There are 2 protein chains.
Amino acid sequence: MDRTIDFYWDFGSPASYLAHTRLPAIAAAAGATLVSHPMLLGGVFQATGNRSPIEVPAKGRYVLADLQRFARRDGAPFAMNPHFPINTLVLMRGAVGLQMRGDARFGAWVDAVFRAIWVEGRPMGEPAEVATVLAAVGIGPDEFAALVGDAAVKDELKRRTQAAVGRGVFGAPTVFVGDEMFWGQDRLDWVAAALR
Amino acid sequence: MDRTIDFYWDFGSPASYLAHTRLPAIAAAAGATLVSHPMLLGGVFQATGNRSPIEVPAKGRYVLADLQRFARRDGAPFAMNPHFPINTLVLMRGAVGLQMRGDARFGAWVDAVFRAIWVEGRPMGEPAEVATVLAAVGIGPDEFAALVGDAAVKDELKRRTQAAVGRGVFGAPTVFVGDEMFWGQDRLDWVAAALR
């Protein structure tokens, strides 16, 4: 029995947000370790030839209604972001940078950005909005600018994204339990079952 | 409470086959009427801009493994067809033609073709294979040629496909319970819940 859940995600994916809200409880119930793998979904799409469901209008409309069904069922606060799609490059560099440095604010940053985008509907592509979230989690604007401008952080996000693609990832969220792959917030019951 | 399940499908879709195996029991348990809506998935893709998951290789590999998980869970016999993708135009014309004429062999034809493709792995794009299935359900080759060559049957399949797109369909299987839409074999538990 593998006791690790590998969770690949991007802030810009509403299904990643829903998985983010449920996975800690699933890991806790199974006594499993939840490992967070930030990646750039745009890079995954480019590498695999996949694309966002919103590029097919009928599919985009359905997927939104479907995400809302899952949010209601699970009691997760959720609202489609009116500024979607949001360029998450800087936000994801922040996540990877904090994580690779072992910074204790990584978890707070991830929670706060997911909430700002998928609960509060904020335009997180705008620097002023990002600054407000940074302040709330105790990261100074200059510190953040240095972090996301660091070539090692930029390279690490690319490396992580390539590693995800190398493992078979083509979308987000993707979860692995050992070698078994699960794509989508709608496979979390399968993830829980795989841990039993 | 709406007591009708509208089921949109194409023989060429393995997920449609899996839905076909489960929906009769779901309808029976709910006391609901299952209405079969044959459509041409290729036409739906063309109209909506959607495409098959196999066009993204990493997604195609995942989707196949995922379908096999559902088949195992549900005890449905299933094997990926080595001749996939199969051009289903003539097969779907046969289904629509039998249905529009109120022919009692409609159900047997649908069962037999789904089984030939997704259980027996047969090359159902080849006329000789089609002839074998026709014989098994008591349809003569000349009768079938006249049916699928009938302009009214051809038009009806086009009309049905356009009607599906007009209702919001972008893939297969798609199920409606009243106005609520569900896409994929992985939403059948939601379909059952919507009927309760």
Side-chain angles (χ1 to χ4, degrees), chain A residues 8 15 39 41 43-74 161-191 193-194 196, chain B residues 8 15 39 41 43-74 161-191 193-194 196:
Chain A
Y8 293 80
M39 64 177 187
L41 184 55
V44 171
F45 284 166
Q46 198 165 25
T48 59
N50 199 11
R51 57 181 181 174
S52 168
I54 63 163
E55 295 194 30
V56 175
K59 192 171 186 174
R61 285 189 292 275
Y62 171 79
V63 167
L64 172 56
D66 192 56
L67 290 167
Q68 287 168 335
R69 280 199 291 243
F70 277 84
R72 275 196 303 274
R73 184 195 72 176
D74 299 335
T161 301
Q162 286 164 358
V165 170
R167 204 171 174 182
V169 171
F170 58 86
T174 299
V175 170
F176 288 86
V177 177
D179 287 336
E180 199 170 7
M181 176 172 156
F182 301 91
W183 169 55
Q185 90 292 340
D186 52 355
R187 291 296 182 275
L188 295 183
D189 293 338
W190 289 83
V191 168
R196 279 195 290 267
Chain B
Y8 293 80
M39 65 177 186
L41 184 56
V44 170
F45 284 166
Q46 199 165 24
T48 60
N50 199 11
R51 57 183 181 173
S52 169
I54 62 163
E55 294 194 30
V56 175
K59 191 171 187 174
R61 285 189 292 274
Y62 170 80
V63 166
L64 173 56
D66 192 56
L67 289 166
Q68 286 169 333
R69 280 198 290 243
F70 277 84
R72 276 196 303 273
R73 184 195 71 177
D74 299 335
T161 301
Q162 286 163 357
V165 170
R167 203 171 175 182
V169 170
F170 58 87
T174 300
V175 171
F176 287 86
V177 177
D179 287 336
E180 199 169 8
M181 177 171 155
F182 301 91
W183 169 55
Q185 90 291 341
D186 52 355
R187 291 296 181 275
L188 296 183
D189 292 338
W190 290 83
V191 168
R196 280 195 290 268

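Residue numbering restarts at 1 for every chain, and letters A, B, ... go by the order of the sequence lines. As the structure is a computational prediction, the values presented were derived from the model and not from experiment.
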**OP:** Would you sort out whether A:Phe176 and A:Val169 count as a side-chain contact (heavy atoms from CB on, under 4.5 Å), showing the intermediate values?
**Re:** CA-CA 10 Å; A:Phe176 288 86; A:Val169 171; 3.8 Å; yes

Subject >> Heavy-atom contacts under 4.5 Å, residues 55-66 of chain B to chain A >> reply: B:Val56, B:Pro57, B:Ala58, B:Lys59, B:Tyr62, B:Asp66

Subject >> The single option from B:Asn50, B:Thr161, B:Thr174 passing side-chain contact (heavy atoms from CB on, under 4.5 Å) against B:Val44 >> reply: B:Thr161

What is the minimum heavy-atom distance between [X] and [Y], and which atoms define it?
X        : Y        : result
A:Ala15  : A:Gln185 : CB-OE1, 3.4 Å
B:Phe182 : B:Ala194 : CZ-CB, 3.9 Å
A:Met39  : A:Ala164 : SD-CB, 3.7 Å

**OP:** With a 4.5 angstrom heavy-atom cut-off, could you sort out which part of B:Arg69 is near chain A: side chain, backbone, both or neither?
**Re:** both

Subject >> Under 4.5 Å from a heavy atom of chain A, the part of B:Phe70 involved >> reply: both

Original post:
Would the number of heavy atoms belonging to other residues, nucleotides or ligands and lying under 6.0 Å from CH2 of B:Trp190 be above 12?
Top reply: yes

**OP:** Run the ring-centre check on B:Phe170 versus B:Phe45 and record whether the distance is less than 6.0 Å.
**Re:** no

Original post:
In terms of heavy-atom pairs under 4.5 Å, which option from A:Arg51, A:Glu180, A:Arg73 contacts chain B the most?
Top reply: A:Arg51

